[in-house]
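Let me begin by presenting the structure, written as structure tokens, before commenting on it.
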Amino acid sequence: MNTTSFSWTKSLLQWFEKNKRPLPFRLTKDPYAVWISEIMAQQTQIDTLLPYYNRFVESFPHVQALAAAEEDLLLKHWEGLGYYNRAKNLHRAAKIIVTEWHGFIPDNYKDLLKLPGIGPYTAAAIASICFNEKIAAVDGNVLRVFSRLTNSFDDIGEQATKRQIQHALSQCMPDEPGDFNEAMMELGALICLPTNPYCLLCPIREHCSALETGHVHLLPVKKKKIKRKTLAMEACLVEDTKGQLLIEKRPDKGLLSGLWGFPIVEKNQGIGNYLQKTYKYTEPLCLIGKTKHVFTHITWEIDLYIIKQVQHDGDKGVFISPKNILSDFALPTAFKKMLRFYNSSSRKNTPYK
DNA sequence: CACGCGTGGAG
DNA sequence: TCTCCAAGCGT
């Protein structure tokens, strides 16, 4: 087994040193900061997470602060970033680190892998960047770069392919494994793009099998297509006599679990029926607009209704002013759209779409 | 292994 | 408008 690093490693590392983006979490090897950034980076582009990262580490500067935080506050910091289970797993892991690891983040791949929310990619990223462990961090960028370098038509959607690539790269890590991993990802993010890659600017183009054979545009191979089902939904803004709106905490399982939102049900259930059964509201509903919200695997086609001047005595649901909903509650984007529409349409006739 | 799980940018 | 895709993980 050849366990020396690849011949192109040096060129890649030199390119990385010169071209890497100045990201805030690159200013430190603090495993806590790197951990947070890597969790946020899962399935998320770096530019998107930057403001979230800065706010998060300011509010929760160390693992003890994170472990002691209220989950609602944590979710508020995650609001709009998506994949909210990441925040919950981060919380669970923080508590485990405090109670079982004396507040120290595990310093190796194997132990990191045991923590909730940390899989093969994230464990490898933290272990290599913070603790110099020679283990490959294989994300979507690396799968693409490696497929092209080796002219491999293996399906990168397969778990087996990911394992093989991680194994192959891990056998050949240089003495700067963290830099190597980051360099591979940075190359994928800046040069070896999914479409129209900048091959002429690539520091390892002379070693690229796909470029040599003209297959760059065919790689990587990903067979599985996402199939998205459409659900017809009905949502309702329930307004009381003081102009406050009814919000509900979503169930603790499933889509957007643990966050807050306005009453919403599938159309065949009927929002009027739901409100009457749950809150005994009998005031008339008025359709005020239609919109669509697209998740990874579901599309909601939403009919938005409103009920005005609802009488309630406090025990029938949580009523909060729109301003305080925005400032104090973690509201997913689908519901924020409704609130924006509500705020603007009270002054002028804005189409809801 | 297949599927559930958000959102925003780019072509 | 539609599709893909992004520093993936849990079940």
Side-chain angles (χ1 to χ4, degrees), chain A residues 16 20-21 23-26 34-53 75 78-90 92-93 112-126 128-129 136-145 155-163 166 178 180-190 192-197 217 220-231 250-259 261 292-300 330-337 353:
Chain A
F16 178 62
K20 64 182 173 185
R21 293 167 289 178
L23 305 174
F25 39 86
R26 284 184 173 150
V34 172
W35 173 41
I36 302 302
S37 70
E38 292 298 345
I39 298 297
M40 285 188 171
Q42 291 168 6
Q43 295 290 279
T44 305
Q45 305 199 62
I46 298 303
D47 289 343
T48 303
L49 69 83
L50 288 180
Y52 286 88
Y53 172 81
L75 289 172
W78 215 268
E79 175 186 67
L81 195 54
Y83 287 143
Y84 299 96
N85 274 332
R86 290 184 293 175
K88 298 178 196 171
N89 285 331
L90 207 50
R92 289 171 53 203
L112 284 162
L113 212 43
K114 298 175 188 165
L115 293 170
I118 297 187
Y121 164 75
T122 307
I126 299 172
S128 64
I129 293 170
V138 179
D139 73 335
N141 289 308
V142 176
L143 291 171
R144 183 172 60 255
V145 170
D155 182 355
I156 63 164
E158 300 278 327
Q159 214 44 244
T161 306
K162 297 179 190 177
R163 276 197 300 271
Q166 186 184 32
F180 176 77
N181 282 331
E182 285 200 80
M184 287 287 280
M185 293 188 273
E186 196 78 335
L187 189 69
L190 300 182
C192 195
L193 306 180
T195 56
N196 304 321
H217 64 293
V221 172
K222 188 166 3 178
K223 288 185 179 144
K224 196 177 66 176
K225 303 294 178 195
I226 48 166
K227 48 186 175 197
R228 195 177 279 139
K229 65 176 175 182
T230 298
L231 290 180
R250 295 181 56 80
D252 58 358
K253 298 270 181 201
L255 187 62
L256 307 174
S257 58
L259 283 84
K292 177 184 292 194
H293 187 80
V294 180
F295 300 98
T296 309
H297 55 299
I298 297 172
T299 298
W300 277 354
L331 209 63
T333 301
F335 297 105
K336 270 200 170 169
K337 278 197 238 171
K353 54 179 188 175

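Every chain is numbered from 1, with letters handed out A, B, ... down the list of sequences. Note that the structure is predicted; figures quoted are calculated from it, not measured.
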A:D252 CG to B:dC5 P, straight-line distance once rounded to whole Å: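 In whole Å, B:dC5 P and A:D252 CG are 13 Å from each other.
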In whole Å, what is the span from the CZ atom of A:R250 to the C1' atom of B:dG4?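 Answer to the nearest Å: 14 Å.
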What is the nucleic acid contact for [X], judged by heavy atoms within less than 4.0 Å: base, sugar-phosphate only, or nothing?
X: A:R26; result: base
X: A:N181; result: nothing
X: A:L259; result: nothing
X: A:I118; result: sugar-phosphate
X: A:R21; result: base
X: A:S37; result: nothing
X: A:K227; result: sugar-phosphate
X: A:E186; result: base
X: A:A137; result: nothing

If you find the nucleotide of DNA chain C closest to A:N89 and the one closest to A:I46, which residue's nucleotide is nearer the 5' end?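 Taking each residue's closest nucleotide, the earlier one in sequence belongs to A:I46.
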Whichever of A:R144 and A:T122 has its nearest DNA chain C nucleotide further upstream toward 5':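 First, find each residue's nearest nucleotide; the 5'-ward one identifies A:R144.
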Let me have a per-nucleotide readout for nucleotides 6-11 of chain B, 5' to 3', with B, S or -, counting only protein heavy atoms under 4.0 Å. BBBS--
Side chain to side chain contact (heavy atoms under 4.5 Å, CB included) against [X], all qualifying residues, sequence neighbours excluded:
X: A:T296; result: A:Y83
X: A:S128; result: A:P177, A:N181
X: A:T44; result: A:T48, A:L49, A:L81, A:R86

Who passes side chain to side chain donor-acceptor pair (under 3.5 Å) against [X], sequence neighbours left out?
X: A:R26; result: A:E182, A:E186
X: A:K88; result: A:S257
X: A:T333; result: none
X: A:T161; result: none

For a side-chain contact (heavy atoms from CB on, under 4.5 Å) check, start with the C-alpha distance between A:L259 and A:L331, then their side-chain angles and the critical distance, and finish with the verdict. CA-CA 6 Å; A:L259 283 84; A:L331 209 63; over 6 Å; no
Dot-bracket for DNA chain B, please. Rules: Watson-Crick or G-U, both distances under 3.5 Å, ( ) within the strand, [ ] when a pair crosses earlier ones, | for another strand, . otherwise. .||||.|||||
Taking salt bridge (charged side-chain N to carboxylate O under 4.0 Å, His left out) as the definition, give me every residue that meets it alongside A:K292, ordered by chain and number, with sequence neighbours left out.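 Salt bridge (charged side-chain N to carboxylate O under 4.0 Å, His left out) check on A:K292 returns nothing, list empty.
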Covered region of DNA chain C, 5' end to 3' end, by chain A [heavy atoms, under 4.0 Å]: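 Result: C:dC4 to C:dG10.
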Taking the inter-plane angle between the rings of A:F335 and A:W300 on a 0 to 90° scale, is it parallel (under 30°), tilted (30 to 60°) or perpendicular (over 60°)?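 Plane angle over 60°, so perpendicular.
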What distance do A:E38 atom CD and A:T122 atom OG1 have between them, rounded to the nearest 0.5 Å?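 Answer rounded to 0.5 Å: 6.5 Å.
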Going by the rule ring pair (Phe, Tyr, Trp, His ring centres under 6.0 Å), which residues pair with A:F25 if we only count those two or more places apart in sequence or in a different chain?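 Testing A:F25 for ring pair (Phe, Tyr, Trp, His ring centres under 6.0 Å), a comparison that skips the adjacent residues, returns A:Y53.
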B:dG11 to C:dA7 separation - P atoms, rounded to the nearest Å: 14 Å
